[in-house]
Asks: 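I am attaching a structure below and will ask some questions about it afterwards.
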Amino acid sequence: MAMLDFSKNYFELFGLPVGFVVDMDAIAERYRELQRVVHPDRFANASDQEKRLSMQGATLVNEAYQTLRDPLKRAIYLLSLHGVDIDVEKETTHDTAFLMEQLALREELEQAVSAADPYAVVGELMDRIGLQIKSLLAQMAIHFESPTPENLDAARELVRKMQFLQKLYSEAEAAEARLDDAV
Amino acid sequence: MALLQISEPGQSAAPHQRKLAAGIDLGTTNSLVATVRSGKAETLPDEHGRHLLPSVVRYTPDGVIVGEAARSAAAEDPLNTIASAKRLLGRGVEDVKQLGGKLPYAFVTGDSSVPRIHTLAGDVTPVEVSAEILKVLAKRAEDSLGGELDGVVITVPAYFDDAQRQATKDAARLAGLNVFRLLNEPTAAAVAYGLDSGSEGVHAIYDLGGGTFDISILRLNKGVFEVMSTGGDSALGGDDFDRAIANWILEQAGLADADASHVILRRVMDAARAAKEALSDAASTSIEVELDGRHWSGTLDRGTFDALIDPLISKTLAACRRALRDAGVSSGEIEDVVMVGGSTRVPRVRQRVGEFFGATPLTSIDPDKVVAIGAAIQADILAGNKPDDEMLLLDVIPLSLGIETMGGLVEKIIPRNTTIPVARAQEFTTFKDGQTAMAIHVVQGERELVSDNRSLARFELRGIPPMVAGAARIRVTFAVDADGLLSVSAREETSGVSASIEVKPSYGLGDSEIEAMLRDSIEHAGDDMAARKLREIQVEADRVIEALNAALASDGDELLSAEERERIDTALQKLVEARDGDDAEAIESAIKSLEETCSFYVERRMNASVRSAMAGHSVDEFE
């Protein structure tokens, strides 16, 4: 249903230029300002209709915020704005060298938890994955700067790789959490 | 930076028409009510000057007794005196068996999934028991404010799941209260402190009450409280400290708890609580209990007590570690730790929490009252009494929501600590050729197996056109509102078959059960259902009329053409006329028709305020 200027994309809703590189502080600030206007707490005393509208508005603003501040979600969203729809469930990279490296990293993680100093080994592994993610993000920024079909294709491939790395990173986090809980 | 001027479309209360609002802390052990008067939030005492209302309800053939009088009768009349009903709210019969198994009540075994307790005044549910407590608190507020309450904010532990939240709202409905919002207890405590100190940065709220433990990590930035993560244990609290001491007493006295009667258990628990309270100041305390015809006495020192409760405190700190991790902050980034709940008076708790966060815990507001005070401040704002207030609370969902997939596994749809309100959709497909129905089982929790999580609801989507396996596309949408309450809808995309349900918690009361209870309570009150319904719809009509008039006065000329204005005025006039009649249905339909007429205007106003918020920005950027 149409409410707010919902025809606007998330960037426009937040009053920001459409692009991969974003100002995180500005996003957080606009987010708070938008919620001040649409949040259901501003309508606790209003008619049911306004309450509904406010809930939809606040839901949209939350969704936009989650999308804009997360690089992977932002990239997928940007691609969709450019007419490239990714099926995140089904697509995967076919870069064999990359896949081999992922396998190796995964094995390292499995063995890390039984190392003498598991925290250090898992931590070091997370640092390395973090660096790889950073490098992918830098490449992504370049591709989105001039969104030609070739560059968008390249960005799409980077998204597929990012998914691997982010999944691995959260598995490393989970492994660290299990170490914490075992203490 | 220039401050933004943002119009607030929701603020409809005209000046001098102050709304009566209260904040209620519905606690496991004690409950409180607070209101804002002359700009100051204060808890309200009873006629004896007592602020804490023990959350104890005694059922007698002559009526219901709530509070201190009920609590002092608990030892003689344990079966009819219900304490800690909050622990049972939103719980199923099976859960109750696991809750320590020591609740000294006569549970009725019946076909309902909701536990019922047999009392002299009939069988009661935890929702009804809680409603009795709410009624007493609401009356206290109304006597003090001199009028009927427009609405209340009721606090719940952040860790409460959907069924427990729903049960709390049901209790309020039974007590005849309009709930502005369910507010998480730690967030309420932060509000109580936040407005005093105005301190920006990341804060931890450690809330150890009688029966629940909550930890929240939140960021305060220019009046916006953003909850970053929350965690805890909805079945761990000071009562467990009492139980640890009670078990120690039984052990010292050489008595197996299975041998102890309800009356003895209650006496031992009372002695245990007294000992715990004494040890907040003293290094040791003597305990005397009358057991089965014999007298037992002993001494409990601080060191032994600390050793008894250390494992329980460690459990809370493990939850703190998880919450920090979820928030993505280290303990060093925490500016301060707000202590909430009577159990944070225990010196060992303060010591270990202080060590864990590397900060001296904040205790300047009475830990028993801080939640109610925060709730009152929020209630005052939600009522529209402070239209210029900048405060806003952005809370999160405490536990992940998901649905059951093949093999009893959970597919998470909304992860925990997602800011609410939120809506997420997920597509599923059929796994058999020609499958025409699909069962959807909604669960809440973090574990991978369905059986390890909390079952919230089950519903069926029927009428899916027969297709080959995997061809149907069923889109399930989860929406969680600002109270943290869930609704689920499902739709088959290729055919458009849809099923929308209000989530009926697996362990909750059905609508018909609530209706029946409402009827009962009204019959007892000698009231009349029809009169009550008319009164309710008139109040609603007044709210709609008042809100619309305020809106028209502020921007009607700007946003509406003469023709549009006339249409709205006509519909408004119809409602004003209907409202003064005594036909509830006519009023209801006039409200509906007015809302339909106004829908374009409401949207236009919302857009206008969003535009003005964003317009402020471009000005800033050029400055």
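Numbers restart at 1 for each chain; the letters A, B, ... are given by sequence-line order, proteins then strands. The structure displayed is predicted, hence computed values, not measured ones.
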Asks: According to salt bridge (Lys or Arg N to Asp or Glu O under 4.0 Å), does anything in residues 61-73 of chain A pair up with another residue at least two apart or in another chain? List the pairs.
Replies: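 Pairs touching residues 61-73 of chain A that pass the test: Glu63(A)-Arg424(B).
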Asks: In terms of relative ring orientation, are Tyr10(A) and Tyr77(A) parallel, tilted or perpendicular, with 30° and 60° separating the classes?
Replies: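 Rings of Tyr10(A) and Tyr77(A): parallel, under 30°.
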Asks: Side chain of Ser400(B), backbone of Lys412(B): donor and acceptor closer than 3.5 Å?
Replies: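 The answer is no, because no donor-acceptor pair under 3.5 Å joins these two groups.
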Asks: Among Asn221(B), Val480(B), Asp150(B), Val224(B), which residue forms the greatest number of heavy-atom pairs with chain A at distances under 4.5 Å?
Replies: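 So the answer, after comparing Asn221(B), Val480(B), Asp150(B), Val224(B), is Asn221(B).
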Asks: Quick one: salt bridge (Lys or Arg N to Asp or Glu O under 4.0 Å) partners of Glu91(A), sequence neighbours excluded?
Replies: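 Partners of Glu91(A) by the salt bridge (Lys or Arg N to Asp or Glu O under 4.0 Å) criterion, ordered by chain and then number, come out as Arg156(A), Arg160(A).
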Asks: For Ser314(B), is it the side chain, the backbone, both, or neither that has a heavy atom closer than 4.5 Å to a heavy atom of chain A?
Replies: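 Looking at Ser314(B), nothing touches chain A.
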Asks: Which atoms of Phe14(A) are under 4.5 Å from chain B, going by heavy atoms: the side chain, the backbone, both sets, or neither?
Replies: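 Only the backbone of Phe14(A) comes within 4.5 Å of chain B.
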Asks: What part of Ile591(B) is in contact with chain A, defined as an atom under 4.5 angstrom from a non-hydrogen atom: side chain, backbone, both or neither?
Replies: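 Neither part.
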